[in-house]
Amino acid sequence: MDIKVLSLPAEKMKQKTRDESQLGFGKLFTDRMLMIEWKTGQGWCDARIEPYAPFVLDPACTVFHYAQEIFEGLKAYKWPDGRVVLFRPEMNARRFNQSADRLCMPDISEELFVDGIKQLVALERDWIPTASGTSLYIRPTMIAVEPVLGVHPSNHYYFYVILSPVGAYYAAGFNPVNILVEDHYVRAVPGGTGEAKTGGNYASSLKAGLEAKKKGYDQVLWLDGRERRYIEEVGAMNMFFAYGKKIVTAPLNGSILSGVTRDSVLKLAPTLGYEVEECPIEINALMADMRAGKVTEAFGSGTAAVITPVGKLCYKDEVLQLTGGKVGEITQKLYDTLTGIQTGKLEDHFGWVKFVE
Ligand SMILES: *Cc1c(COP(=O)(O)O)cnc(C)c1O
């Protein structure tokens with residue numbers, strides 16, 4: 001499918017921030033966006049890259065009432081030699097279609113998804129920050145825009161991609177976050193939508209997040225929705241625990257988001273001399289192992305921060321501290337290696353990096 005590039009009038013071009021330390025996360029957007037529509041009987045149509053602008057949407061659109069929406073998150077990096085790369089974008093395309101299937105939304109070819117992003121990022125390459133830890137965050141989204149209140153899959157969709165230059169996630173340095181294990185609210189249940197990257201999962205997680213903040217914690221660690229006994233994941237990160245040279249994470253059981261970073265850790269760690277295992281992690285057993293000093297490190301994995309070290313873990317009023325508040329050796333090694341591959345400092349033996357031009 002041909003993607004039409006609409007002209008960008010000079011007066012619509014935004015001032016590019018020069019101070020890359022002030023970028024933050026997802027607050028600033030580039031000049032253009034990719035837009036493709038889907039209509040029943042017609043399929044994908046009218047692909048275009050157009051000036052970034054608000055949508056005018058009918059208040060009755062399905063997305064506003066029944067949350068038929070999915071999204072993705074990935075990043076582009078500009079290497080010191082000027083080349084621009086994406087990290088495993090085909091994984092995001094695949095997951096986007098899995099989310100689409102769960103929400104009864106149309107499938108988009110991996111080729112159109114990845115090529116559309118490449119074309120948009122190439123046009124917006126001057127927006128990609130280059131300071132250490134910065135990148136261009138890419139947010140593909142699909143929404144249901146048929147204006148009708150009946151509960152059924154929409155007959156009209158927008159697939160769009162917006163870009164946001166983002167700052168170093170750890171403005172104050174690579175510091176451990178403190179995590180509260182949630183034993184009341186749940187994020188997902190077997191048979192639900194936990195495996196899909198869909199807005200509703202995040203709306204329903206906000207309350208637990210706010211209550212955790214009030215208690216002084218940065219993030220919530222979700223337990224399984226049936227027994228509230230098994231570790232699932234953190235807000236937008238999968239969780240890993242290290243026992244010496246072995247790292248464990250929960251298996252993909254249908255209610256956990258299948259992270260691209262999680263998959264990358266599982267493939268990368270063995271090449272760095274660590275053993276990996278996907279196995280159910282029972283919270284009481286984990287707390288006992290932490291008390292006994294068997295758990296040597298804990299970290300989260302996700303596109304936004306790549307690897308996040310965990311400091312304190314609180315479960316039912318018991319607070320346990322990991323790594324003495326410092327960043328563990330495995331956590332640091334995985335962070336350095338993954339970001340090294342993404343930014344071209346280390347060789348990519350996996351074929352993960354995809355050049356944009
Ligand atoms: C996006 C996300 C992750 C991390 O996935 P990555 O592909 O590694 O960015 C983990 N959990 C949830 C709930 C997410 O939405």
Side-chain angles (χ1 to χ4, degrees), residues 25-26 67 69-77 86-100 102-103 110 113-114 117 135-142 164 166 169 177 179 182 185-190 192-209 212 218-225 230-240 247 249-269 276 278 281 298-308 310 331 334-335 337-339 341-342 350 352-354:
F25 185 83
E69 185 267 2
I70 59 169
F71 67 96
E72 267 304 325
L74 66 161
K75 283 174 169 178
Y77 302 86
L86 304 176
F87 186 71
R88 309 185 76 187
E90 67 290 346
M91 296 283 284
N92 297 92
R94 219 165 293 158
R95 188 170 67 190
F96 194 69
N97 281 330
Q98 284 159 4
S99 299
R102 183 64 182 80
L103 276 284
E110 281 179 28
F113 182 98
V114 174
I117 288 173
S135 59
L136 186 70
Y137 185 77
I138 304 167
R139 173 52 63 90
T141 310
M142 183 164 29
S164 176
V166 296
Y169 205 85
V177 299
I179 284 184
E182 176 58 58
Y185 301 110
V186 298
R187 190 192 87 95
V189 292
T193 57
E195 214 176 14
K197 232 172 158 70
T198 182
N201 290 343
Y202 304 84
S204 56
S205 76
L206 296 174
K207 196 167 170 67
D218 304 298
Q219 307 241 18
V220 164
L221 175 56
W222 300 102
L223 298 176
D224 74 282
Y230 294 94
I231 302 282
E232 298 239 307
E233 59 177 315
V234 176
M237 299 192 295
N238 296 109
M239 272 302 297
F240 288 84
I247 57 181
T249 192
L252 299 176
N253 59 359
S255 53
I256 294 175
L257 206 286
S258 167
V260 176
T261 321
R262 174 188 183 278
D263 184 77
S264 306
V265 167
L266 290 174
K267 293 195 163 83
L268 177 64
V276 295
E278 298 175 71
I281 303 167
F299 61 89
S301 71
T303 295
V306 188
I307 299 288
T308 299
V310 173
T331 305
L334 287 167
Y335 177 80
T337 312
L338 269 177
T339 55
I341 293 171
Q342 290 165 341
F350 299 91
W352 285 341
V353 155
K354 299 285 146 67

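Order of appearance sets the numbers: ligands from 1, and atoms from 1 within every ligand. All residue numbers refer to positions in the sequence shown, counting from 1. The structure displayed is predicted, hence computed values, not measured ones.
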*Asks:* So is Arg187 in contact with ligand 1, going by heavy-atom distances below 4.0 Å?
*Replies:*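 Yes.
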
*Asks:* Give the residue, atom name and distance (to 0.1 Å) of the protein heavy atom nearest atom 4 (C) of ligand 1.
*Replies:*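 Nearest protein contact, heavy atoms only, for atom 4 (C) of ligand 1 is Ala236 O, 3.5 Å.
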
*Asks:* Can you tell me which residue and heavy atom of the protein come closest to atom 8 (O) of ligand 1, and the distance to 0.1 Å?
*Replies:*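 Checking every protein heavy atom, the shortest distance to atom 8 (O) of ligand 1 gives Thr261 OG1, 2.6 Å.
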
*Asks:* Less than 4.0 Å between a side-chain N and a carboxylate O, is that true for Arg262 and Glu278?
*Replies:*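 Result for this pair is yes, salt bridge flagged.
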
*Asks:* Yes or no on ring-ring contact (aromatic ring centres under 6.0 Å, His included) for Phe96 and Phe113, after CA distance, side-chain angles and deciding distance?
*Replies:* CA-CA 9 Å; Phe96 194 69; Phe113 182 98; 5.3 Å; yes

*Asks:* Atom 1 (C) of ligand 1: which protein heavy atom is closest, and how many Å away?
*Replies:*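 Of the protein heavy atoms, Lys197 NZ, 1.4 Å lies nearest.
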
*Asks:* What protein heavy atom sits nearest atom 9 (O) of ligand 1, and how far off is it?
*Replies:*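 Minimum-distance protein heavy atom for atom 9 (O) of ligand 1 reads Thr303 OG1, 2.6 Å.
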
*Asks:* Yes or no: does Gly235 have any heavy atom under 4.0 Å from an atom of ligand 1?
*Replies:*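 Per 4.0 Å heavy-atom rule, Gly235 contacts ligand 1.
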
*Asks:* For Gly73 and ligand 1, answer yes if some heavy atom of the residue is under 4.0 Å from a ligand atom, otherwise no.
*Replies:*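 Checking ligand 1 against Gly73, which is what was asked, there is no heavy-atom contact under 4.0 Å.
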
*Asks:* Just heavy atoms, cut-off under 4.0 Å: does Leu257 contact ligand 1 by side chain, backbone, both, or neither?
*Replies:*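 Only the side chain of Leu257 comes within reach of ligand 1.
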
*Asks:* Any idea which protein heavy atom is nearest atom 15 (O) of ligand 1, and the distance to it?
*Replies:*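 Protein heavy atom with the smallest distance to atom 15 (O) of ligand 1: Tyr202 OH, 2.3 Å.
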
*Asks:* Which protein non-hydrogen atom lies closest to atom 5 (O) of ligand 1, naming both residue and atom, and how far is it?
*Replies:*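 Heavy-atom neighbour on the protein nearest atom 5 (O) of ligand 1: Gly259 CA, 3.4 Å.
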
*Asks:* Quick one: does any side-chain atom of Thr308 pair with a main-chain N or O of Ala305 as donor and acceptor, under 3.5 Å?
*Replies:*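 Checked: no pair found.
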
*Asks:* Look at atom 11 (N) of ligand 1 and say which protein heavy atom is nearest, naming residue and atom and giving the distance to 0.1 Å.
*Replies:*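 Going by distance alone, atom 11 (N) of ligand 1 is nearest to Glu233 OE1, 2.5 Å.
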
*Asks:* If the cut-off is 4.0 Å to any non-hydrogen atom of Arg95, which atoms of ligand 1 fall inside it?
*Replies:*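 Once the distances to Arg95 are compared, the set is 5 (O), 6 (P), 7 (O).
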
